[in-house]
Amino acid sequence: MSASATAAPERRSNLLSLLSLGATPSRAVRGGLQVASLLIPLLAWAAIAALGFVDEKFLPSPGAVFRSLTSMAESGILFEDILASTGRVFGGFLLATVLAVPIGICMGVYPAICALCEPLIAMLRYMPAAAFIPLLIIYLGIGEEPKIALIFLGTIYFNILMVMDAVKFVPKELIETTLTLGGRSRQVLVQVVARYSLPSIIDTLRINIATSWNLVVVAELVAAEVGLGKRIQLAQRFFRTDQIFAELIVLGLIGFTIDMGFRLLLRLTCRWAV
Amino acid sequence: MELQICNVSKHFGVGSARKTVLDRISFSMQSGEFVALVGSSGSGKSTILRLIAGLNQPSSGRISVDGEPVRGPGPDRGMVFQKYSLYPWLNAADNVAFGMRLQGIKAAEIRERTAYFLEVMGLQDAATKLPRELSGGMRQRVAIARALATNPSVLLLDEPFGALDLQIRESMQDFLLQLWQCTGLTVLLITHDVEEALVLAQRVHVLAPNPGRIIRSLDVTLDKSDLDQLRLSGEFLDLRRSLAGSLRQLESALC
């Protein structure tokens, strides 16, 4: 048997081979592509701004945005805004999670509870959270409460339904095994159903917290003293597009950090599932 | 311990959709016995096991353990399923300990019993491994250990080796038989595999499908000191052929 007869076909090294189905690029190639994903738009932006195709009033240069970012950071507004917005997001989202997880688990496990709740939730889900803003202001005023309530309303239904779906993937055998080992309902729900679904629940939260970020900006546009969304609105009034860009980038970076935080949490708590 | 299944029937559905899955099943077994139920798919053999486990209720008839009717699942009737039998987030030792923890047994005793059952099952080296790191045969051994650790009076096995390769299946059969011979377990095994039933059980009930009913019961009095020898012996092969024949006849009668 000669080696050449069984040699693997020569590896194609052109870029197109990356798009053949089932191809898995090496670590280095993947890392490079990920860097390019951010670097290419940044360079394009810099080039367009530098060449002066667009009025600087409409498209500030990366340098101008960076200067605006540092000056906001130095004056302390930036951190005040970040603190205010993240506080609202975490407040509303935490509330929505604390309620949604047990409700979703019960709906997933007990068909009767599911039948009782699902039609209502399915309908409420289609009422845009932003449409509740006037009501929330009438009921709760213009302080922190309506903003937190908006984020709560905008995420709880999705959290419930996605937790419910996750729970339905718990193998029936696992629940029944627990019963034959002497497990009581509560033990089954907490120690088996919730534990088995934990990876999917964390993933659900990771996806849905993005909605909270959208909503916090909407809430702050309506009525707020501080916050990233509020700052954007003020910047519009003074035609400070550089500030708007800076705030948008901060919003993106915080969201990205939260996403990574959830991924890390998943890896730390559910080694068996990743 | 005496497990009695007395005139048990089970229907699913209502009205015209009503289907009789089990029709007046009766048998009993005593402590230390190894009984197998053999049947093809549709014979309701898993349903019988679920009724005994208390996971479903019979439509009529009576199931009792030592005269006490079965009302729901409990650790006196340990069960092992064919698939998804382990908690994937727990290592082998914690899987074995899980049932004991549910019952609030003292930590020191749990540790001791877990170590004992891991050793009996030949799983000492697997103690800290997650289920996904174990082979299919090892997983089923952990599942059996976990069921035994809560000290059940009968072990219910629902095609426990059905998903394993032939060779591993045979070695698991040898292992289970040894375990039974050494520890005096009481085992009720469900299988579609005539050979498995004959190799392992002292008594075999053959189930006919649609509706599921016992059509033949036999005591197996083969010499089980050497299973490899047994699997090739004429007496065993004749018995196997005869049982497989009656199962096949039922199948063709349906077509």
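Computed from a predicted structure; not experimentally measured. Here is the naming used below: chain letters follow the sequence lines, and residue numbers restart at 1 for every chain.
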* To do: Take atom CE of Met1(B) as the centre, draw a 6.0 Å sphere, and report whether it contains more than 12 heavy atoms from other residues, nucleotides or ligands.
  =>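 Yes, because the 6.0 Å sphere around CE of Met1(B) holds more than 12 heavy atoms from other groups.
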* Listed once per pair and sorted, the salt bridge (charged side-chain N to carboxylate O under 4.0 Å, His left out) pairs that draw on residues 20-38 of chain A, sequence neighbours left out ->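 Matches after skipping sequence neighbours: none remain.
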Could you give the side-chain donor-acceptor pairs of residues 91-108 of chain A under 3.5 Å, partners two or more places apart or in another chain?
unit_1, atom_1, unit_2, atom_2, d
Thr97(A), OG1, Phe93(A), O, 2.7

* **Residue pair Pro75(B) / Gly182(A): nearest heavy atoms and the distance that separates them** =>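 Closest approach of Pro75(B) to Gly182(A): CD-CA, 3.7 Å.
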Short of 3.5 Å, which donor-acceptor contacts do chain A and chain B share? List atoms and distances.
unit_1, atom_1, unit_2, atom_2, d
Glu176(A), OE1, Arg50(B), NH1, 2.7
Glu176(A), OE2, Arg50(B), NH1, 3.2
Glu176(A), OE2, Arg50(B), NH2, 2.6
Thr178(A), OG1, Tyr87(B), OH, 2.7
Leu181(A), O, Gln103(B), NE2, 3.0
Gln187(A), NE2, Leu102(B), O, 2.9
Arg271(A), O, Arg132(B), NH2, 3.3
Trp272(A), O, Arg132(B), NH1, 3.0
Val274(A), O, Arg132(B), NH1, 3.1

* Option that, when pairs with chain A are counted at under 4.5 Å, heavy atom only, ranks first among Leu90(B), Leu55(B), Leu102(B) ->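 Highest number of heavy-atom pairs under 4.5 Å: Leu102(B).
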* Would you please go through residues 151-166 of chain A and name the residues with a non-hydrogen atom below 4.5 Å from one of chain B, in numerical order? =>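 From residues 151-166 of chain A, none sit under 4.5 Å of chain B.
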* Atom pair CE (Met100(B)) and CG (Leu181(A)), whose distance is rounded to the nearest 0.5 Å ->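 Met100(B) CE to Leu181(A) CG: 10.0 Å, rounded to 0.5 Å.
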* Please look at Leu86(B) and chain A and tell me whether the side chain, the backbone, both or neither of the residue comes under 4.5 angstrom of a heavy atom of that chain. =>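 The backbone, not the side chain.
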